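Okay, so here's the structure we're looking at.
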There are 2 protein chains.
Amino acid sequence: MIKCTRCSQVHAISKSGTVRGKQRYYCKDCNMYFTLPEEPAAEIRQHKKHMTTIVDIAKALNISKSTVSRALHEHSDINPQTKAAVLEMAQQLDYQPNLLAKSLVKSKSNTIGIIVPEFLTYFFPTIIMGAQQVAAQAGYNVIICQSQESYKTEVANANILLANRVDGVLISMTRETKKFDHIKAFEKHGIPVVFFNRVCDEMNTSKVLVNDYEGALKAVEHLIKNGYRNIAHIAGPPSLLLTRNRLGGYRDALKKYNLPFKEDLVVHCNLSKKDAVQCAEQLLNMKNRPDAVFCVNDPVAIQLMLEAKKRKIKIPSELGIVGFSNEPSGEVIEPALTTVQQPVADIGRSAADILLTAIKQGEDYVPEMKSLKTTLIVRESSKR
Amino acid sequence: MIKCTRCSQVHAISKSGTVRGKQRYYCKDCNMYFTLPEEPAAEIRQHKKHMTTIVDIAKALNISKSTVSRALHEHSDINPQTKAAVLEMAQQLDYQPNLLAKSLVKSKSNTIGIIVPEFLTYFFPTIIMGAQQVAAQAGYNVIICQSQESYKTEVANANILLANRVDGVLISMTRETKKFDHIKAFEKHGIPVVFFNRVCDEMNTSKVLVNDYEGALKAVEHLIKNGYRNIAHIAGPPSLLLTRNRLGGYRDALKKYNLPFKEDLVVHCNLSKKDAVQCAEQLLNMKNRPDAVFCVNDPVAIQLMLEAKKRKIKIPSELGIVGFSNEPSGEVIEPALTTVQQPVADIGRSAADILLTAIKQGEDYVPEMKSLKTTLIVRESSKR
DNA sequence: CTGAAAGCGCTAACAA
DNA sequence: TTGTTAGCGCTTTCAG
């Protein structure tokens, strides 16, 4: 029963060709050609959105959904014929398992969360990449959160991960994190946590870091061997373990060569660019200006170098500089930056490896601490 | 009633000290010491892991779970007293909503997926960061996938996102992607897709890119105005739209100033470091060596510069270089690299904005194309 | 204003 | 080997 779209009558309608594949009609009363409105399409649309479920497959094959479920996995108790039929029908109907449902029933999301302070230097993305590779290989997704170096955001991130029922968490803390309840919450619910890079002393969880102490020791030793004697250190924020370790390496290198440790040659930097410039200025303005600086990381070292260049201080002859972490910029700057290389992607891979083991082993897992080796890369900025 | 773990008798058991904090027993019959198996611990474990649900809250308050659900949201039909009580109890029991369950019932995961070719230059992480900020603000999580420039991986990524029922997808394709069924699959299920940077011509979806043509035009024009006349172009892979657009800008700039377009001054680079070096060599080895090169991006430009330095070619006097994308390294290299800046974070933000609108509007959404402006940053590498 | 009940898509005993 | 059933935690009609 076709109604005219204008007069709603049915008596004066006749077919009149097709337009864009659709039947066209003609109403003699209104003298109007029309095609049917799109309402049916709405259903098609819904249909369009519908993703096939195991029930769809079951119905199509006239079997139960459990059988379908079994066929879709490597379950032994399944007739190979049935299995083949299911697999084919799944293909035909373009079946995509609903991982949300699966996660719900299994209480396992196959997702791990990563919280990093930021995203812009090459450091954290590389770690994430490493972690992601390992995770993907094991069938895990990764949800990434940035705390933006804000404690509050970090707490929010943790809640999001919790609400998403991640199976495990990789985290590098903000420089201002001093309370850890939000992280302990994971443990409380049996969700393993692995710290990397910026770890938490007071928690008994797995940790992955590089041998900051040794790296710093080697770096400063290198400077000493190159004849520098008045060596300063731009350190990181005191709250971070890596700061203390690198500082320790610096101090012990001096001690090893019987050089005095001078308080005023150590300045702490919060790692922001602005603060890095300030620290650089502070050191370069000293009456007894240091003849070399070991920097907590490359971005800081680069700021220092730029600042020194501005003042026409010759590098490396008047000022030796060593950084930490081997960022790409350090390679192209002139003079090229001597730096302590960390196996960045390895940090991510190791952390993810440990986390996956922790997830697998559940309660039986014993936290471990992994310390990765650093390598001194000697370039121009420290040779004299 | 303690049973021996071997003979299951109870009559011959006596306590016998403790081991690792647990009571130890002795069975005279078996002459065996034992501690109780771990079963009770299993319960404790479950208890530990158990996350409180709305049912827990309902039971504690002796109301129905529907009421709890209503109280937890801004539902009008709810007694403020009840609501307060629920909220307090939720707090007390440390309730964390299970987003998996919610997603399942709402058929909405509040998650968007991002597929990027790689993760290492500062470019994609920055975009992701921008997108993530926008998404987070709207309550969306982000699942990130790397295709590693591999078509096969990209397809796998797409399936993962589909299986995770993401509400929308942001994608920048691999340089080898030529079929798009895996992306069309999203559309088929009503999941909006927004391309960015490396977009797909043949799909009618939203796209965010920068004005590559104009950026390239300005770059080459700048070189011409600085007196360079034999200007080459290291282009990207022909499959990418951005390659064609930047090439178009290059060509039209030449035309505008009546300079000849010479085929052999255009070399295509697949964007890998190795290939970049090769392209650089090819150009620098020409008998009629170009006096300037416009490069498809900064990493390529930097490889070219390093290669030129090796040969003691003076930059910018003997060779002008302009890059594209303003990577950090370009700022510190000497001479500093002239480049076309793209509003990278904006790309991510815009793409996410568009995607969220598309998600919100559903069927009514009309795909749009956004082209962001580029800025020429003039530094030392192109001034003569 | 509140409760009961159905159902999102899936897995996993338990029967048959 | 397969089907039946219950339930993961939540939202959402539909009745009170």
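Reminder, nothing fancy here: chain letters follow the sequence lines and each chain counts from 1. Keep in mind it's a predicted model, so treat the numbers as computed, not measured.
- Taking only side-chain nitrogens and oxygens, A:Ser64 never comes nearer than 4.0 Å to OP1 or OP2 of D:dT2.
- A straight line from NE2 of A:His189 to P of D:dG9 spans 13 Å, rounded to a whole angstrom.
- The separation between B:Asn98 atom CG and D:dG7 atom P is 18 Å, rounded to whole Å.
- Heavy atoms of A:Ile54 sit under 4.0 angstrom from at least one base atom.
- A donor N or O paired with an acceptor N or O is not found under 3.5 Å between the base of C:dG9 and the side-chain atoms of B:Arg165.
- If you measure from atom CG of B:Leu104 to atom C1' of C:dC10, you get 8 Å, rounded to the nearest angstrom.
- Among C:dT2, C:dC10, D:dT2, the nucleotide with an atom closest to any side-chain atom of A:Thr53 is C:dC10.
- With rounding to the nearest 0.5 angstrom, the CZ atom of B:Phe180 is 14.0 Å from the CZ atom of B:Phe186.
- A:Ile63 comes within contact range of the sugar-phosphate backbone alone, with a heavy-atom separation under 4.0 Å but no base atom that close.
- The nucleotide whose nearest atom lies closest to any side-chain atom of B:Arg70 is, among D:dT11, C:dC10, D:dT13, D:dT13.
- Nearest-nucleotide assignment on DNA chain C puts the 5′-proximal partner with B:Val105, out of B:Val105 and A:Ser69.
- The structure places NZ of B:Lys207 at 12.5 Å from CD of B:Glu368, a figure rounded to the nearest 0.5 Å.
- Between the CE atom of B:Met51 and the C1' atom of D:dG9 there is a distance of 12 Å, given to the nearest Å.
- Taking side-chain N and O atoms only, A:Ser66 has no distance below 4.0 Å to OP1 or OP2 of C:dT11.
- Distance from the side chain of B:Lys102 is smallest for D:dC10 among the nucleotides C:dC1, D:dC10, C:dT11.
- We find that NZ of A:Lys59 is positioned 15 Å from P of D:dG3, with the value rounded to whole Å.
- Distance from the side chain of B:Thr82 is smallest to C:dT2 among D:dG9, C:dT2, D:dT1.
- Here the straight-line distance linking atom CG of B:Leu72 with atom NZ of B:Lys65 works out to 13.5 Å at 0.5 Å rounding.
- What separates OH of A:Tyr95 from C1' of C:dG9 is a distance of 8 Å, to the nearest Å.
- Of the candidates A:Ile171, A:Leu170, A:Val169, A:Phe195 forms a side chain to side chain contact (heavy atoms under 4.5 Å, CB included) with just one, namely A:Ile171.
- An OP1 or OP2 oxygen of D:dT12 is reached within less than 4.0 angstrom by no side-chain nitrogen or oxygen of B:Lys65.
- Rounding to whole angstrom units, CG of residue B:Leu99 and C1' of D:dC10 are separated by 10 Å.
- Remark: P of C:dC1 and CG of B:Asn62 are 20 Å apart, rounded to the nearest angstrom.
- Between the CG atom in A:Asn110 and the CG atom in A:Leu99 there is a gap of 7.0 Å [rounded to 0.5 Å].
- Here the CD1 atom belonging to A:Ile144 is positioned 11.5 Å from the CG atom belonging to A:Asn157, to the nearest 0.5 angstrom.
- Within the structure, every side-chain polar atom (N or O) of A:Ser103 is placed at least 4.0 Å from both OP1 and OP2 of D:dC8.
- The listed nucleotides are D:dT11, C:dG9, D:dT13; the one nearest the side chain of A:Ala101 is C:dG9.
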